[in-house]
2 protein chains.
Amino acid sequence: MTPKSDKLKSNDLKNTKQRTAILNILEKNNQPVSAEDIYSVLKSQNLSVSLSTVYRTLETMAEKKLVTKLNMQDNSKTLFEINHEIHKHYLICLGCKKIISIMSCPLENYEKKLSEETGFLVEGHRLDIYGYCPECRENMSDENSTVN
Amino acid sequence: MTPKSDKLKSNDLKNTKQRTAILNILEKNNQPVSAEDIYSVLKSQNLSVSLSTVYRTLETMAEKKLVTKLNMQDNSKTLFEINHEIHKHYLICLGCKKIISIMSCPLENYEKKLSEETGFLVEGHRLDIYGYCPECRENMSDENSTVN
DNA sequence: TTAATTGCAAACACTTTGCACGCTA
DNA sequence: TAGCGTGCAAAGTGTTTGCAATTAA
């Protein structure tokens, strides 16, 4: 029994080729991906999985905490990534749209302070940092390079 | 000339009753509101403004930096608020969905550090904090109160 | 066997757009 | 009166759902 089927089984999910394939893709990506992204990869692999199955699978896996659902502020598609159970934040490049995970979190003490000051019971937070990655910075300083 | 028409004029926007009305609603609200919210208020005031005009106006005003566009992570409707030109963060109550602005920002030094460590040129960030407001905490401790 | 899972197409919610008319400057 | 702004209806996009057929356990 492969670790993948274990993962499914232990969450009361039947082990189907669709789910395994989707889980595979998520595990191979260290970047959050959209349902459509996954669907495209599956298609290119000639694995027939319908887009609605992709959505349903991702939703189910999110409920089971196998994956994490992310909505970026540009309100484009919802992104999904394997849940590594690690508190993370994201550096989002405004140039190439790359998303880089960062594991450090500057907010632990702040939350405590905030809670004391406002009476708000803090359950969690979402921090995304926007800017330009080193590669895009380089391209920017190159006056004549094309930017879309 | 009212301050409102000034605001529009100085941004090369014609002063129409629709825009004034929308700006009014935004200014009265210290909570971010959706296009639909604004549309409802307008309707209740018997001001005939179509929903598409509300969307178009908000979009235009966002371009002119008169309003700020917010997408919350639950991927519900886009919210808008008057741009106070103040760097803010939001406390979002998971109980009553209320959104509270906070003016302090714990991240200034962190951004600098991050930039040094990663080579990422930080342009900005988005921080939302989730939890329960004092009122909802109270309701929670009240075992028999109804929660939706 | 039988309940969970899937594919398909249709429905959905929110938002955007094309076009003819209206109104501001 | 020129052209920006508006209303309407229709189209778009991303996502969800109903249902009948399929498949894992």
(message) Under 3.5 Å, is there any donor-acceptor pair linking the side chain of B:S52 to the base of D:dC8?
(response)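 For B:S52, whose side chain was compared with the base of D:dC8, there is a donor-acceptor pair (under 3.5 Å).
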
Carboxylate-amine/guanidinium contact [X] [Y], below 4.0 Å:
| X | Y | result |
| --- | --- | --- |
| A:E117 | A:K112 | no |
| B:K64 | B:E59 | no |
| B:K7 | B:E27 | yes |

Considering every strand and a 4.0 Å limit on heavy-atom distances, what is the contact class for [X]: base, sugar-phosphate, or nothing?
| X | result |
| --- | --- |
| A:S76 | nothing |
| A:S34 | nothing |
| B:Q18 | sugar-phosphate |
| B:K77 | sugar-phosphate |

Does [X] place a side-chain N or O at less than 4.0 Å from the phosphate oxygens OP1/OP2 of [N]?
| X | N | value |
| --- | --- | --- |
| B:T53 | D:dG7 | yes |
| A:Y55 | D:dT16 | no |
| B:R19 | D:dC4 | no |
| A:R56 | C:dT5 | no |
| B:T78 | C:dT15 | yes |

(message) Quick check: on DNA chain C, is the nucleotide nearest B:N71 upstream (toward 5') of the one nearest B:K14, or the reverse? Name the residue that is more 5'.
(response) B:N71

(message) Testing A:D128, A:L79, A:I102 one by one against A:Y90 for a side-chain contact (heavy atoms from CB on, under 4.5 Å), which residue passes?
(response) A:D128

